[in-house]
S.K.: 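Below are the structure tokens for one structure; questions will follow.
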Amino acid sequence: ECGHISLSTPIVRLGDSVTASCVINQNCSRLGLDAQILWKLGPELQPGGRQQRLPDGTQESTITLPHFNHTQAFLSCCLNWSNSLQILDQVELRAGYPPAIPHNLSCLMNLTTYSLTCQWEPGPETHLPTSFTLKSFQSCQNQKDPIPDCVAEDGQSHCSILRKHLILYQNMGIWVQAENALGTSTSPQLCLDPMDVVKLEPPMLWTVGPSHAAAPAQPGCLLLHWEPWKPSLHMSQKCELRHQPQLGGANWTLEGPLPTKTLQYELCGLLPATAYTLQMRCIRWPLPGHWSNWSPSLKLRTAEQVPI
Amino acid sequence: ECGHISLSTPIVRLGDSVTASCVINQNCSRLGLDAQILWKLGPELQPGGRQQRLPDGTQESTITLPHFNHTQAFLSCCLNWSNSLQILDQVELRAGYPPAIPHNLSCLMNLTTYSLTCQWEPGPETHLPTSFTLKSFQSCQNQKDPIPDCVAEDGQSHCSILRKHLILYQNMGIWVQAENALGTSTSPQLCLDPMDVVKLEPPMLWTVGPSHAAAPAQPGCLLLHWEPWKPSLHMSQKCELRHQPQLGGANWTLEGPLPTKTLQYELCGLLPATAYTLQMRCIRWPLPGHWSNWSPSLKLRTAEQVPI
Amino acid sequence: PLDPASSLPQSFLLKCLEQVRKIQSDGAALQEKLCATYKLCHPEELVLLGHFLGIPRTPLSSCPSQALQLTGCLSQLHSGLFLYQGLLQALAGISPELAPTVDMLQLDVADFATTVWQQMEDLGVAPALQPSQGAMPTFTSAFQRRAGGVLVTSHLQSFLKLAYRMLRYLAQP
């Protein structure tokens, strides 16, 4: 090679020093033996190269950049040749931070794809390519039966473990490991049964139409029926209903716990001839789970008060 | 095996006959030696099974379905056993047609992906899994330098040959082959240079805004400028402009050929104080190509006539 | 020797002009990326390295319009394109970001070489055997491949400039 730069390390902590040396072999520097080696950091010349002639006749220059505070830059080793600066070798320098400990690791079990999706907060920018890997074992106590690593896509802070790697209804240990050239850090371990972190989709809420055989709703009452989210039919759940008259500033009123499923439910105690907004949500119960979001609003109007 | 069906062929031409035989070995038919073998086609029992006892003691029944006109059905070999019909083996029968000759093969060169996309009409439904493969060679005369087969996705009648398999500006031979269990058919060969079937995207058409240094348009004139579609900048082209006053039932007027690119073009001979719709299209020229679609409409209004 | 003007079909010349313009735009795209991504913007800074790596340049000496020697010119045009096709292939592994641009450039140069070769065959002036690729420079580091990319593209652009002038001259009605 004509000129060759060697580096203490191509990746340093932001602000640390970088030392590089460049060796120019004889048949390249046709300028005679005292060719002066010059350094460029990006477009700017860098003074301070210490040059010496090695026993084998090659020239070597060493330079130390005391506080390297670019996240990325090219360092070039050059020679002056017939009045033009010639680049003979170039290396990419990078600087940043070791990964912080990922925090707020949480997981949700998706009953449509039956995969366990975990997400975390990666912590401050490291300025370096940093990989996040979800590590998990089929037990919380020991690291027997490891589950294949789940490597998050670049720049993503979530990863999904496929159903075939999960043993449902058993506790598993999960943590996330962050790694870059400057170090590795590991989040605290979560210990959970995937089925205890199921996030349900909201139930479906309807009104029982007049055509239905049931008696029409009395004033101040509404006839409702609902069904849980289909993929969760096998799970015993409890549900909550909230309603709010469409009058400025009115609060929600909560009804519950309600059974998971009913063909017909009469909600009374409402104002007659008033428009109401109704929503419902369910949660796996008595086994652990997460509340679903509230269902889309159902807007209904109570019947007029019949003059007695 | 308890019972085993063997077939002349599992796939026949619609309406042809199908012959099947079923052998029941001894240890399966616990009903003694003269157990009667029954056939079912889908849910229906099929009379006409000819049964015989083979020298080795096994029972064999043979049945012929004279005109099989289902596109798909299951044929089951059964035994009566303690008053219930027991299925011992089942095969899937399929019927359809050999593929017709694919026709209307045509190709377009896409300058964004730089791939050659060919499409064809598959012909009538064959009722059978039928694969379509685009075959091509880097010359029209011989089948030297074959290009890798381009297999269309299921149910699709197009396929795209990647840039790296093409030699642009040279003629290549292309045809499509259709194949299913009942036969193969081949379209006539196309002989084309991919660059001669480039489909251009429309040019960009603007008005020269008043802020532009140019003199404002005179009454009955409009100041326009346009640019060809960027990926086709290297191709010499000619373009056409068409304009139409926004008056009920007015026809398009065609202007052309126009140069591929102009910073400023004054279109005159228009009605003053009238709203116009303008569109433009281009074609590779003088080398062969396809007209682009007309560009999106540009709506402009000509200046008022200044009272003399 | 062939009379330049009459013996070359107009469609051949028009195709060549189109192919040169395409390769020039591919080359410009590669030069832009080398400059933006690796700050290697000036081939003049890499001349010494180019000598050392042994990156060849190819003449188009038979092509000047005054004394155009058609067979020699077509042959030089083809062998030049053939050389650049090889040089671009030698850049393989340059970097994931640049690879698609280098691949496109290399394919377009190869197709242009085929167009010229096909025309030489049609004129009956093509040598019996296709030329074989000579020794290519070996790039031993990522930097050398990037520097090689700058130099090869710069030489190719100068080569195409001469070729374009010659083709325009021949294509004049």
Side-chain angles (χ1 to χ4, degrees), chain B residues 109-116 136-142 144-148 160-173 191-201 227-238 257 259-261 282-290, chain C residues 8-30 32 74 77-78 81-82 85 88-89 92 99-122 126 130 156-157 160-161 163-164 167-168 171-173:
Chain B
M109 182 71 181
N110 177 319
L111 282 196
T112 322
T113 57
Y114 259 92
S115 57
L116 182 68
S136 48
F137 289 80
Q138 277 168 355
S139 102
C140 296
Q141 285 67 35
N142 54 52
K144 250 184 5 170
D145 312 318
I147 291 174
S160 296
I161 302 173
L162 296 178
R163 168 70 180 92
K164 63 184 178 187
H165 298 313
L166 301 170
I167 300 185
L168 304 184
Y169 300 91
Q170 296 299 319
N171 278 341
M172 62 190 288
C191 177
L192 55 82
D193 164 5
M195 290 310 290
D196 290 349
V197 290
V198 162
K199 175 75 191 282
L200 297 177
E201 289 297 320
E227 260 183 26
W229 179 47
K230 206 165 179 330
S232 68
L233 276 174
H234 65 289
M235 304 176 109
S236 98
Q237 304 168 39
K238 69 176 178 183
T260 330
K261 184 174 166 170
C282 297
I283 187 172
R284 184 187 188 219
W285 182 84
L287 291 171
H290 291 294
Chain C
L8 286 178
Q10 188 69 4
S11 67
F12 165 71
L13 293 169
L14 291 172
K15 281 182 185 177
C16 288
L17 286 167
E18 188 173 281
Q19 288 186 268
V20 169
R21 288 192 295 265
K22 177 64 168 49
I23 296 169
Q24 285 171 324
S25 99
D26 294 343
L30 180 57
E32 257 166 59
L74 285 179
L77 181 55
H78 178 266
L81 292 169
F82 191 68
Q85 187 184 333
L88 289 165
Q89 268 166 341
T101 312
V102 172
D103 290 347
M104 176 66 86
L105 179 57
Q106 197 251 311
L107 284 168
D108 285 343
V109 167
D111 286 356
F112 185 20
T114 302
T115 301
V116 175
W117 181 264
Q118 189 63 54
Q119 186 57 44
M120 288 166 72
E121 279 188 344
D122 296 349
Q130 280 258 7
L156 175 59
Q157 296 286 33
L160 290 174
K161 210 169 170 184
Y164 196 75
L167 290 164
R168 286 282 300 251
Q172 284 159 3

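Below, each value reflects all heavy atoms present in this structure, side chains not excepted, and no hydrogens, waters or symmetry copies. A quick note: this is a predicted structure, and the numbers were derived from the prediction, not measured.
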S.K.: So, using salt bridge (charged side-chain N to carboxylate O under 4.0 Å, His left out) as the criterion, who are the partners of B/Asp196 when residues are at least two apart?
M.R.: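 Applying salt bridge (charged side-chain N to carboxylate O under 4.0 Å, His left out) to B/Asp196 gives B/Arg284.
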S.K.: Could you look at C/Asp108 and say if it's the side chain, the backbone, both or neither that has a heavy atom under 4.5 Å from chain B?
M.R.: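 Both the backbone and the side chain of C/Asp108 come within 4.5 Å of chain B.
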S.K.: Tell me, yes or no, whether the heavy-atom count around B/Trp285 atom CH2, taken from other residues, nucleotides or ligands under 6.0 Å, exceeds 12.
M.R.: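 Counting other residues, nucleotides and ligands, CH2 of B/Trp285 stays at 12 neighbours or fewer.
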S.K.: Please flag which part of C/Thr114 lies under 4.5 Å from any non-hydrogen atom of chain B: side chain, backbone, both or neither.
M.R.: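 Both parts, backbone and side chain.
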S.K.: C/Lys15 and B/Leu287: side chain to side chain contact (heavy atoms under 4.5 Å, CB included), yes or no, with the steps?
M.R.: CA-CA 8 Å; C/Lys15 281 182 185 177; B/Leu287 291 171; 3.9 Å; yes
S.K.: Do any of residues 16-23 of chain C come closer than 4.5 Å to chain B, heavy atom to heavy atom, and if so which ones, in number order?
M.R.: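 From residues 16-23 of chain C, the residues near chain B are C/Glu18, C/Gln19, C/Arg21, C/Lys22.
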S.K.: Quick one, C/Ser25 and B/Leu233 - any side-chain contact, counting heavy atoms below 4.5 Å?
M.R.: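 No; the side chains remain at least 4.5 Å from each other.
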S.K.: What's the verdict on side chain to side chain contact (heavy atoms under 4.5 Å, CB included) for B/Arg163 and C/Asp111, showing C-alpha distance, side-chain angles and the deciding distance?
M.R.: CA-CA 11 Å; B/Arg163 168 70 180 92; C/Asp111 286 356; 2.8 Å; yes
